Amino acid sequence: MANFEQFHCDFYQSNYTIDDQEDYNTCDSSEKLSGNRKSQIGDRPLAGAFVPPEMLLPSQCYTGQILQPTVPYSSSNLSHLSYADGFDEEPPLLEELGINFEHIWQKTLTVLNPMKPADGSIMNETDLTGPVVFCLALGATLLLAGKVHFGYVYGVSAIGCLTMHALLNLMSVPGVSHGCVASVLGYCLLPMVILSSSAAVFSLHGILGTLLALFIIGWCSLSASKIFTSALAMEGQQLLIAYPCALLYGVFALLAVF
């Protein structure tokens with residue numbers, strides 16, 4: 001061993017020995033290892049050991065609420081979330097659906113009084129609430145007389161509306177829509193409901209029933225032609241419009257009588 005140390009010193013020609021290097025490395029590594037262990041032990045307190053309160057870090061917990069953002073609301077943000085118009089300023093539901101009871105009542109009075117001048121601005125509206133109700137009433141009164149003619153009522157109404165729409169577009173300059181034709185013909189169906197109600201009380205097969213049916217047909221056709229002439233500005237053509245209307249309402253009268 002002494003010869004090896006002598007050879008090693010002679011080879012490097014230095015006073016540095018291996019024992020010194022091993023001692024230094026061993027000491028240095030042991031110091032680093034002990035330092036790491038001390039640092040780990042120092043960072044993690046032992047179980048059961050007393051730890052001063054000032055050494056404990058304050059715990060950070062989430063202070064927000066569930067389903068609520070952490071950013072607070074401002075008045076500008078709430079203004080964007082609120083409605084532009086309040087509930088008090090919203091129109092009524094019937095107005096949004098296009099149901100105006102005042103106009104329905106005015107149209108009904110115009111039909112019941114053929115001599116009353118019709119308001120063209122109101123009659124030109126495509127209101128189908130009254131026509132649907134009167135068609136149901138006609139079918140219900142026919143049902144009281146033992147006649148199930150709901151399909152005939154709606155079928156004849158649809159064919160009559162399409163025919164009158166084509167005819168009025170040929171006769172008038174501004175033209176007319178399908179909804180306006182259906183609305184006028186449906187409202188003028190109200191006197192026919194009176195005829196079908198009479199058929200449930202007494203028979204219409206006699207002379208009295210025939211005269212009553214002719215009167216109701218003239219009533220319906222006169223009201224419809226008056227409304228069409230006022231709504232479409234067709235002065236002097238009321239008789240030309242009344243003739244096809246009389247043919248249409250004559251079919252409904254046949255359903256009521258027979």
Side-chain angles (χ1 to χ4, degrees), residues 104-116 118 123 126-171 176 178-232 234 237-258:
I104 293 174
W105 179 246
Q106 292 180 4
K107 292 178 181 180
T108 304
L109 292 179
T110 304
V111 172
L112 293 177
N113 187 7
M115 301 304 171
K116 179 183 178 181
M123 294 302 171
T126 58
D127 177 25
L128 298 179
T129 305
V132 171
V133 173
F134 294 153
C135 286
L136 290 175
L138 179 60
T141 51
L142 289 175
L143 187 61
L144 294 176
K147 303 173 184 179
V148 185
H149 292 331
F150 285 97
Y152 290 105
V153 170
Y154 286 106
V156 173
S157 300
I159 295 174
C161 290
L162 293 177
T163 306
M164 288 298 299
H165 176 263
L167 183 62
L168 291 174
N169 281 331
L170 292 175
M171 296 177 63
V176 65
H178 292 88
C180 180
V181 174
S183 177
V184 173
L185 294 178
Y187 274 103
C188 294
L189 197 64
L190 178 59
M192 199 60 62
V193 177
I194 301 175
L195 179 63
S196 61
S197 302
S198 302
V201 178
F202 57 90
S203 178
L204 299 177
H205 295 286
I207 298 176
L208 182 61
T210 303
L211 293 177
L212 182 60
L214 292 176
F215 174 75
I216 294 297
I217 292 172
W219 187 357
C220 294
S221 59
L222 181 61
S223 299
S225 60
K226 177 192 64 175
I227 294 173
F228 280 129
T229 52
S230 62
L232 302 177
M234 299 173 63
Q237 302 180 8
Q238 184 174 358
L239 292 178
L240 296 177
I241 301 174
Y243 176 70
C245 292
L247 294 178
L248 174 62
Y249 292 112
V251 177
F252 289 108
L254 291 176
L255 293 176
V257 173
F258 300 100

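This structure is a prediction, so every number in the text was calculated from the model and none was measured.
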Enquirer: Keeping the roles fixed (side chain from His165, backbone from Val176), state whether a donor-acceptor pair exists under 3.5 Å.
Expert: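 Judged by distance alone, yes, a pair lies under 3.5 Å.
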Enquirer: Counting N and O atoms only, with roles assigned by atom type, does the side chain of Ser196 sit under 3.5 Å from a partner on the main chain of Thr141, one being a donor and the other an acceptor?
Expert: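 Side chain of Ser196 to backbone of Thr141: no pair is present.
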Enquirer: Ignoring hydrogens, what is the shortest heavy-atom contact between Tyr187 and Val111? Give both atom names and the distance.
Expert: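 Smallest heavy-atom distance, with atoms named: O-CG1, 3.4 Å.
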Enquirer: Measuring from atom CG of Leu240 to atom CE of Met171, what distance do you get when rounded to the nearest 0.5 angstrom?
Expert: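 Separation between the atoms: 4.5 Å.
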Enquirer: Give a yes or no answer on whether the side chain of Lys226 reaches the backbone of Lys116 with a donor-acceptor pair at less than 3.5 Å.
Expert: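 At least one qualifying donor-acceptor pair exists.
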Enquirer: Looking at CD1 of Ile241 and CD1 of Ile227, how far apart are the two atoms once the value is rounded to the nearest 0.5 Å?
Expert: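 The CD1 atom of Ile241 sits 11.5 Å away from the CD1 atom of Ile227.
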Enquirer: Which residue is it: Ser225, Pro114, Cys245, Pro191? I am looking for the one with a side-chain contact (heavy atoms from CB on, under 4.5 Å) to Cys220.
Expert: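 It is Pro191, the one option of Ser225, Pro114, Cys245, Pro191 that forms the side-chain contact (heavy atoms from CB on, under 4.5 Å) with Cys220.
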Enquirer: Is the shortest heavy-atom distance from the side chain of Leu239 to the side chain of Tyr243 under 4.5 Å?
Expert: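 Not in contact.
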Enquirer: How long is the span from the CG atom in Leu195 to the CH2 atom in Trp219, to the nearest 0.5 Å?
Expert: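 Here the rounded value is 11.0 Å.
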Enquirer: Nearest 0.5 angstrom please: Cys188 SG to Lys107 NZ, how far?
Expert: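 Cys188 SG to Lys107 NZ: 11.0 Å, rounded to 0.5 Å.
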Enquirer: Can you tell me how far CG of Leu142 sits from CE of Met192, rounded to the nearest 0.5 angstrom?
Expert: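 Rounded to the nearest 0.5 Å, the CE-CG separation comes to 10.0 Å.
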Enquirer: Taking side chain as C-beta onward, heavy atoms only, is Cys135 less than 4.5 Å from Leu189?
Expert: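 Side-chain contact under 4.5 Å: yes.
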Enquirer: Roughly how far, to the nearest 0.5 Å, is the CG atom of Leu248 from the CD1 atom of Ile217?
Expert: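 CG of Leu248 is found 10.5 Å from CD1 of Ile217.
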Enquirer: Decide side chain to side chain contact (heavy atoms under 4.5 Å, CB included) for Phe228 and Gln238; before the verdict, give the C-alpha distance in whole Å, the side-chain angles of both, and the deciding distance to 0.1 Å.
Expert: CA-CA 8 Å; Phe228 280 129; Gln238 184 174 358; over 6 Å; no
Enquirer: Do any side-chain atoms of residues 200-213 form donor-acceptor pairs under 3.5 angstrom with protein atoms, and if so which ones, sequence neighbours left out?
Expert:
residue : atom : partner : partner atom : Å
Ser203  : OG   : His205  : N            : 3.4
Thr210  : OG1  : Gly206  : O            : 2.9

Enquirer: I would like to know whether Leu136 and Val132 meet side chain to side chain contact (heavy atoms under 4.5 Å, CB included); could you show each step before the answer?
Expert: CA-CA 6 Å; Leu136 290 175; Val132 171; 4.3 Å; yes
Enquirer: Closest approach of Leu185 and Tyr249, non-hydrogen atoms and distance?
Expert: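 Taking every non-hydrogen atom into account, O-OH, 2.9 Å.
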Enquirer: Looking at Asp127 and Ile104, would you say the former's side chain and the latter's main chain have a donor-acceptor pair under 3.5 Å?
Expert: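 Pair absent, no side-chain N/O of Asp127 close to backbone of Ile104.
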Enquirer: Side chains of residues 144-162: which donor-acceptor pairs under 3.5 Å do they make with residues two or more places apart or in other chains?
Expert:
residue : atom : partner : partner atom : Å
Lys147  : NZ   : Ala256  : O            : 2.7
Lys147  : NZ   : Val257  : O            : 3.4
Ser157  : OG   : Val153  : O            : 2.6

Enquirer: So, the side chain of Ser221 versus the backbone of Ala246: is there a donor-acceptor pair under 3.5 Å, distance only?
Expert: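 A pair under 3.5 Å: no.
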